[in-house]
**Q** 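Encoded as structure tokens, here's the structure I'll be asking about.
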Amino acid sequence: MVTAEPLIALKDIRKCYGGGDSPEIEVLRGLSLNIHAGEFVAIVGTSGSGKSTLMNMLGCLDRPSSGTYHFAGRDVAAMNSDELAWLRREAFGFVFQGYHLIPTGTAQENVEMPAVYAGMSVARRHERSAQLLERLGLGERMGHRPNQLSGGQQQRVSIARALMNGGRIILADEPTGALDSRSGQEVMALLRELSALGHTVILITHDRKVADQAQRVIEILDGQIVADSGPAVPPEGQQQLALNTDAHGASWLADLAEAGRAAWRVMWVNRFRTALTLLGIVIGVASVIVMLAVGLGARQRVVAQLGALGTNLIFLSSVGESSRIPGRSITLQDLEALENIPNITHILPNVTGNKVIRFGSVDTQTYVRGTGAALPVLQTWPVGKGTFFDERDDQQLASVAVLGAKVAKTLMPDIDNPVGQQILIDNTLFLVIGVMSEKGRLTGDRDDDDVVFVPFNTGGVRVFGQREPTYTVLAVHDLARITQTQEAIEAMLLKRHGIKDFATGNAAASIAAQAKTQDSMTVMLSLIAAVSLVVGGIGVMNVMLMTVRERTREIGIRMATGARQRDILRQFLTEAVLVSLVGGVVGVVAGLLIGGALIAWEVPLVFSVSGILGAFACALFTGLFFGFMPARQAARLDPVTALGSE
Ligand code: ADP
Ligand code: MG
């Protein structure tokens, strides 16, 4: 009972190797052959007669140079690489002389590989692979790696793998070639058993005695069939070839999880090398994070310092020689004139200098500032105890003083509330009416709290003996127009003085300018750090290229068991991304730790979440980018070439 349509129909198949600069040799020379479902065929021939070439052709690992191959009535030449992968996965099961197991996987994982590419669920896959291994007498060896198994055991693992997706057609290329005679006999007994169960078995051997165990023997010599015992009647209970034509069953998530697990295993097996590769990424990510934090910290410090002066303030001071008092070109008349400029809300003249002040037997040199009543409001500096002086005190030349927190401590360490005490400033008696709240900041070298405030007019008349302001603070109402206001002030003073013997500045502009320099510093530092990330990426690429080369054979094995190009691409890309992912995580942790240590050292650092996420994303992208080329190289390998590599 031979089914009408042959399962495999080869017609006038030719295969040439070489061409170009190497001599062309024809290995298969016009070979025609029909094989029906359920047959047990042995193809026998001397070494070099073209048996393996024929088998690769039959198993759709290789394409003929000319001639046609119809599989179950379909022209194989018309199939694309995914369809061929599907055929290898669902229809064929390969058994090689050299077993071709993946060294990093356990027996069970090796057996499961075709099912992974077929998208079988993890539970079913575990169950089936365990059953198969049990059936082949390897129940105790499921967790062993190939190098922990004997040759015979490895070959049985590879037979189990061939059966994993059904293995309707077993293609065995010298399956006993590397085995001792007893193991060889066991393998042959297994193949006979499979044939009896309805599998189509195509056995390739150079050994006549082995071949004779098949029902049909085909002899080939120099790429041509020289003898064929003819189609044999397949055994009873022949299994019809019912291929699983389902689309790839597993979800992309399951695929990804599988690829992730496999990638993790490879990483773990090569952990020393992986660690070195990781180092590049770790250093890159950590330095980007730390550099950004340092830059941001410096920026924030500068902005805070300038911002403390008040952002809506314009500072006006005298510059150079003046016809009036040297260094005091701005007069009170000038300030009166400035009151007419719109947008100015307050004008706060200051007269300042260092003076000796005394309380009881204690004296100290400190900074005395004659200023206006609006100071606490304009410079957002509240009074701690007592009150600040008011307009009336100023007009009446009241001898009242408000102490900075530090001065209060220096002069009156034992007095809880200095309000009401009397001090001498340059031998003039002043009544303390308030103490400022503590600022705890430096302006230049000077401690902000080391100051004594007196009314401007009192200071001018009684302390400094001159009424021209040392400098003036002008507050504006609308911050958006601060630059125009500043220009208006300059224009008016220039008109009044005829020469530019003054200077103006405003905190908002200084902040913007400082922040800008800080920003470009930050960008530069981060760029330098990013370069190390790129270097890390090149490291990843290097290792991936090496990996692909080392594992060419593995790629061939995966293709023979039905992996599509995109499965291979995904696998290697996953490995690259996983390295970068782990590198990114370690890098973030390292960056935070280094940052923490710097903060403990009082370096001002500000971590930004977006910076950390950005560095992490860069690392991932680097892996993807630099991993793509090697991964694509792997995916595009020719299955036969890959299988044949050492
Ligand atoms: P067998 O399996 O019968 O020993 P093969 O099919 O492996 O023989 O090889 C048949 C012939 O084809 C040999 O002469 C071999 O050198 C040649 N051959 C096989 N593969 C290639 C190849 N990739 N490039 C060139 N020649 C090859
Ligand atoms: Mg061979």
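Just so you know, ligand 1 is whichever comes first in the structure, and atom 1 is the first atom listed for that ligand.
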**Q** Considering heavy atoms of the protein only, find what lies nearest to atom 27 (C) of ligand 1 and give residue, atom and distance to 0.1 Å.
**A** Y17 CD1, 3.2 Å
**Q** Between the side chains of Q148 and Q154, does any donor sit under 3.5 Å from an acceptor?
**A** no
**Q** Determine whether the aromatic ring centres of residues F94 and Y99 are separated by less than 6.0 angstrom.
**A** no
**Q** For the Mg ion (ligand 2), which protein N/O/S atoms fall under 2.8 Å? Skip waters.
**A** S52 OG
**Q** What residue and atom, counting heavy atoms only, is the protein's closest point to atom 3 (O) of ligand 1, and at what distance?
**A** K51 N, 2.8 Å
**Q** Step by step, work out the salt bridge (charged side-chain N to carboxylate O under 4.0 Å, His left out) result for E26 and K15.
**A** CA-CA 6 Å; E26 198 172 32; K15 179 71 186 178; over 6 Å; no
**Q** Is R261 close enough and on-axis enough to W264, meaning under 6.0 Å and within 45°, for cation-pi?
**A** no
**Q** With only distance considered, is G50 within less than 3.5 Å of ligand 1 through an N or O on each side?
**A** yes
**Q** Using distance alone, with no hydrogens and no angle criterion, decide if S183 and D180 have a side-chain donor and acceptor under 3.5 Å apart.
**A** yes
**Q** Verify whether one side chain among R553 and H100 offers a donor that lies under 3.5 Å from an acceptor in the other.
**A** yes
**Q** Tell me yes or no: between the side chains of S52 and D173, is some donor less than 3.5 Å from an acceptor?
**A** yes
**Q** Quick one: do the Q213 and R192 side chains pair a donor with an acceptor below 3.5 Å?
**A** yes
**Q** Could you tell me which atoms of ligand 1, counted from 1 in the order shown, lie closer than 4.0 angstrom to a heavy atom of S47?
**A** 4 (O)
**Q** Do any N/O atoms on G48 end up under 3.5 angstrom from N/O atoms on ligand 1?
**A** yes
**Q** What protein heavy atom is closest to atom 12 (O) of ligand 1, reported as residue, atom name and distance in Å?
**A** V27 CG2, 3.1 Å
**Q** Any idea which protein heavy atom is nearest atom 6 (O) of ligand 1, and the distance to it?
**A** T53 OG1, 2.5 Å
**Q** Can you name the one residue among R558, R88, E112, E90 that meets side-chain hydrogen bond (donor to acceptor under 3.5 Å, both in side chains) with Y117?
**A** R558
**Q** Checking a contact table here: which protein heavy atom is nearest atom 7 (O) of ligand 1, and how many Å away?
**A** S52 CB, 3.5 Å
**Q** State if G45 counts as touching ligand 1 under the rule of any non-hydrogen atom under 4.0 Å.
**A** no
**Q** Give a yes or no on whether atom 15 (C) of ligand 1 lies under 4.0 Å from any heavy atom of the protein.
**A** no
**Q** Would the number of heavy atoms belonging to other residues, nucleotides or ligands and lying under 6.0 Å from CZ of R273 be above 12?
**A** yes
**Q** Less than 4.0 angstrom from a charged side-chain N to a carboxylate O is my criterion; do E83 and R89 meet it?
**A** no
